[in-house]
Amino acid sequence: MTSHWPGLWTALLPSAPHQNMGLRERLCAALREAIRNGSLAQDSRLPATRVLAQDLSLSRVTVEAAYAQLEAEGYVRRHTGKGSFVAVQTTGKSGVRERKSRSLVPLMRLSQRGQTIVDTGGCMEPLSLQAFAAGSPDLRAFPHAVWRQLTNRRLRQDPEALMRYGDPQGRQELREAIAQYLVASRGVRCDPGQVLVLTSSQQALQLLATLLLDPGDQVWMEDPGYQGARTAFAAAGAGLEPLPVDAEGLVPDFTLPVPRLIYLTPTHQYPTGHTLSLQRRLALVDYAKRTGSWIVEDDYDSEFLYDNRPTPCLQGLDIADRVIYLGTFSKTLFPSLRLAYAVLPQALVQPMVTARSVCDGHPAQLAQAVTADFMAQGHFAAHLRLMRQLYRSRRDLMLECIQQQLPWAQVLNSSGGLQLSVLLPDGAEKELSRQAQSKGVATPSFANQQVRPAARDGWLLGFAALQPSEIREGMRVLGTLKLPAHARQR
Ligand SMILES: Cc1ncc(COP(=O)(O)O)c(C=O)c1O
């Protein structure tokens, strides 16, 4: 008897996946699984409870309870005097099991949209601290004690309200703090009613792509440019038009077909670091006004410019409501906070709030409340001031080390940011990166940020999160790399 019931035996073993359940639940799970996978066909008779209890060394009460549970769920039919039978046909139609002949058909067929999303390859950020993984602020220098105090105070004050669902547009107090900060520091024209609090700029890009782009719509992208944005727009099926970047930022080509959307990082172009010139800003805003294109301004790290004050944002020049402004706390506070914001033209507020509610409701209330307090009480401004100083000194150290250790690397622009872009001799990047990786040093590739084949070899070296000794050690390692013979010196 027991040889016919290996699944049941397995379910009762201490190492089985259901081991944390009681015996009755384990038996139920095993019987359900046997029915679903077809080991027990419809109408087949289950052993009498007494027999099964004996075979499995269980009490009859346990087996009786399991059968009763499966009867209540509809898996089993019981007839007094006749016995217990499997009640369901496990065909594809019922959603329980595919017939054998159909098992050759691929089990997972994605929608076209799903396949487009998967084909983008997705976005993945580094999970641990490593020289010179790109993009992380210094989390060791974060004012943890202040954050803990503010969190505890909030939890003491009104824990119940913070546990409820929240406003899909974001907490009013946080929207006020963000609006106040952006008006004063970035020249954004907005009131709190235009601010939408999101979990990330990536979410903003994804929602905007969903809401504004139909498959085939054109999007102008900076090239090199931010891969996260490219992924979000490609996932929506948009046609991407990569435009070159020079020392004045994106080089627009107004003879091209009118795009539905233009994605820009105007303050500190990602990854070259260049600032979009005023002339081009005015031309782009005017173009958007005339053509009805949307401009998405991703102001992802303007807080960290070290030599000059950042140029006021593009959105402040826009009187036609065509610019959507994005910012994130991933760099200014910490990435796992999962808080970012969009400042929306009035007409887009309601559609975006609705789209946001369809997507995930809202970010965690506690995180929003603590962030609002952190801003309102002046900690945010103080933290930014300190981090700017800290990162500036690390940027200076990076420049010094590059000059001493990497004579073959050319710094592209070092005016700000959490990472430095360096150009490498043509054809050298792959081999140098391979060597660096084998010595435990990450050298994020510039090529990943580029679309056109005229890609330049280069690295995007993250430094802000690294202490001086870690920068020196990483640079020492890079200094030992051997330039491949075929690489031409620029
Ligand atoms: C240009 C740009 N925008 C946005 C982000 C990320 O922001 P978030 O974590 O809010 O998606 C990054 C991160 O590296 C970035 O480089």
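Start at 1 and go down the list; that is how both ligands and their atoms are numbered. FYI, side chains are in, hydrogens and waters are out, and symmetry mates aren't considered; it's all heavy atoms of this structure.
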Item to check | Set of residues satisfying ring pair (Phe, Tyr, Trp, His ring centres under 6.0 Å) with respect to Y287, sequence neighbours excluded | outcome: W220, F254
Next on the checklist: Tell me whether the rings of H383 and F374 are parallel (<30°), tilted (30 to 60°) or perpendicular (>60°).
Outcome noted: perpendicular
Item to check | Plane angle bin for F334 and F142 - parallel if under 30°, tilted between 30 and 60°, otherwise perpendicular | outcome: perpendicular
Next on the checklist: Could you walk me through whether R338 and S330 satisfy the side chain to side chain donor-acceptor pair (under 3.5 Å) test, starting with their C-alpha distance in whole Å, then the side-chain angles of each, then the deciding distance to 0.1 Å, before giving a yes or no?
Outcome noted: CA-CA 7 Å; R338 295 291 77 198; S330 289; 3.2 Å; yes
Next on the checklist: Do the side chains of D167 and R171 get close enough for a salt bridge, i.e. N-O under 4.0 angstrom?
Outcome noted: no
Checklist entry - Can you list, by chain and residue number, every protein residue with a non-hydrogen atom closer than 4.0 Å to ligand 1? => result S200, S201, Q202, Y226, Y263, Y270, D298, Y300, T328, S330, K331, R338
Checklist entry - If every non-hydrogen atom of R456 is compared with every non-hydrogen atom of F446, which pair is closest and at what distance? => result O-CD2, 3.8 Å
